[in-house]
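By convention in this document, chain letters (A, B, ...) are assigned in the order of the sequence lines, proteins followed by strands, and residues within each chain are numbered from 1.
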2 protein chains.
Amino acid sequence: MQEHSAKTAFSVGDLARASQCKVETVRYYEKIGLMPTPQRTEGGHRIYNQPELKRLIFIRRSRDLGFSVSQVRDLLRFVDEPNHTCGEVKTLTLAQSEEVQRKIDDLQRLHKALLEMADRCKGENYSLEQCPIIDALFEDQNEQ
Amino acid sequence: MQEHSAKTAFSVGDLARASQCKVETVRYYEKIGLMPTPQRTEGGHRIYNQPELKRLIFIRRSRDLGFSVSQVRDLLRFVDEPNHTCGEVKTLTLAQSEEVQRKIDDLQRLHKALLEMADRCKGENYSLEQCPIIDALFEDQNEQ
DNA sequence: TATAAAACCTGTAGTAACTACAGGTTCAAG
DNA sequence: CTTGAACCTGTAGTTACTACAGGTTTTATA
């Protein structure tokens with residue numbers, strides 16, 4: 001099968017497993033141009049190598065982090081086009097990082113709100129009439 | 001609920017304005033059963049009252065907090081059906097907050113990587129194999 | 001080596017959660 | 001009583017997948 005050295009050829013299924021997504025998703029990314037068109041076996045099956053595996057994992061994690069596909073495309077441009085000038089890369093990277101920071105701030109506010117609400121909850125023995133989460137969400141915006 | 005002579009009849013546009021969403025979204029929520037089928041004017045326009053306004057605001061806030069429509073459905077079931085406890089709602093909220101925390105952690109790692117990369121950007125070109133962004137997101141995959 | 005089953009192929013259609021029309025009707029201000 | 005904003009239904013588009021259908025290739029096992 002394979003020798004003792006690290007595996008270097010992967011099927012589309014291998015990539016899907018490693019990146020926790022569906023095989024169809026890998027093909028979809030190829031269709032929309034996030035993943036490169038891979039080599040094929042004689043029979044037409046896709047073959048990938050380590051760089052494509054890394055790339056897919058990067059895409060998946062970026063998506064999980066709330067980047068849209070077009071934002072992932074922008075991030076990948078850093079990788080795909082190394083002929084940017086240094087200042088260009090730096091500017092784009094810093095802009096991206098600001099957006100990331102905004103996201104972190106938003107999520108932290110959200111997290112705080114969720115925990116605060118949960119904390120005010122009395123627990124299993126109390127009826128919904130006294131549930132602060134429901135109350136907080138039902139509160140009229142103008143009465144505050 | 002309000003003892004003052006508050007407005008009691010609302011149009012779909014009023015609801016949309018009050019809940020910061022589109023008119024189409026209100027109708028959509030009706031179609032998928034999150035909002036009740038409202039009364040109508042002679043001419044067929046939707047009329048709502050205070051409870052429906054509150055319900056819509058509840059739905060929108062829950063969505064903004066990252067609950068999916070089906071999770072909102074669950075929350076509303078707690079409200080619509082008696083015999084549920086505060087603890088059930090708390091459980092749902094805590095699960096939600098954990099997911100948010102996980103996203104925050106990931107974003108902070110990415111943020112660090114982006115800043116690092118910007119910082120190291122002094123003329124080097126990063127190939128796919130040694131890109132710190134790629135690496136930051138590739139690492140820790142199997143470390144739980 | 002034969003064969004069964006798993007994995008792959010292309011292509012299309014469905015999903016979630018809206019959002020945007022098109023083409024027509026009703027309501028309310030002046 | 002007019003006019004234009006707001007409403008109506010219904011369909012189609014959007015994003016980012018996900019699920020088939022119907023067929024071919026690869027691989028594990030007898």
Kindly say whether A/Phe58 contributes a backbone atom to a donor-acceptor pair with the side chain of A/Ser62 at under 3.5 angstrom?
-> yes
Hey, are A/Asp80 and A/Arg73 close enough for a salt bridge, meaning a charged N less than 4.0 Å from a carboxylate O?
-> no
Distance check: side-chain N/O of B/Tyr29 vs OP1/OP2 of C/dA17, anything under 4.0 Å?
-> no
Among D/dT26, C/dT19, D/dT9, the one nearest any side-chain atom of B/Thr25 is C/dT19
Take the protein atom CD of B/Glu30 and the nucleotide atom P of C/dC18, then report the distance between them rounded to whole Å.
-> 15 Å
Closer than 4.0 Å, any side-chain N/O of A/Arg60 to the OP1 or OP2 of D/dC17?
-> yes
Nearest-neighbour nucleotide for the A/Glu24 side chain, D/dA19, D/dC7, C/dT12 considered = D/dA19
Nearest listed nucleotide, side chain of B/Arg46, among C/dA7, C/dA17, D/dT9 = D/dT9
Kindly point out which of C/dC9, D/dC7, D/dT9 is positioned nearest to the side chain of B/Val12?
-> D/dC7
Quick note, B/Lys22 side chain, CB onward, closest among C/dT19, C/dT26, D/dC17 is C/dT19
So what does A/Phe67 hit on the nucleic acid, given a heavy-atom distance under 4.0 Å: a base, only sugar-phosphate, or nothing?
-> nothing
Using 4.0 Å as the upper bound for N to carboxylate O, is an ion pair formed by B/Asp14 and B/Arg46?
-> no
A/Arg17 has an atom CZ; how far is it from atom P of C/dA6, in whole Å?
-> 13 Å
B/Phe10 CZ to D/dA6 P: how many Å, rounded?
-> 17 Å
Nearest of C/dA17, D/dC7, D/dC17 to any side-chain atom of B/Ser11?
-> D/dC7
To the side chain of A/Ser68, which of D/dA16, C/dT10, D/dC8 is closest?
-> D/dA16
Salt-bridge present (A/Asp74, A/Arg77; N to O < 4.0 Å) | yes
OP1 or OP2 of C/dC9 sitting under 4.0 Å from any side-chain N/O of A/Arg27?
-> yes
Whole angstrom value for the distance that separates C1' of D/dT15 from CD1 of A/Ile59 | 16 Å
Whole Å only: how far is the CD atom of A/Glu42 from the P atom of C/dA7?
-> 22 Å
Map B/Gly44 and B/Ser70 onto DNA chain C by nearest heavy atom, then report which one ends up closer to the 5' terminus.
-> B/Ser70
Taking only the side-chain heavy atoms of B/Arg63 (C-beta and beyond), determine which of C/dC18, C/dC8, D/dA16 contains the nearest atom.
-> C/dC18
D/dT15 P sits how many Å from A/Arg73 CZ, rounded?
-> 10 Å
Gap between atoms CD and P, on A/Gln20 and D/dC17 respectively (whole Å) | 14 Å
Regarding the side chain of A/Arg40, the nearest nucleotide among C/dT10, C/dT19, D/dC7 is C/dT10
So, is B/Tyr28 close to the C/dA16 phosphate, meaning a side-chain N or O under 4.0 Å from OP1 or OP2?
-> no
In the single-linkage hydrophobic clustering (I, L, V, M, F, W, Y; side-chain heavy atoms under 4.5 Å), do A/Val26 and A/Val69 co-cluster?
-> yes
Rounded to the nearest 0.5 Å, the CG atom of A/Leu15 sits from the CD atom of A/Gln20 at a distance of 12.5 Å
Would you kindly give the NZ-to-C1' distance between A/Lys31 and D/dT18, to the nearest whole Å?
-> 12 Å
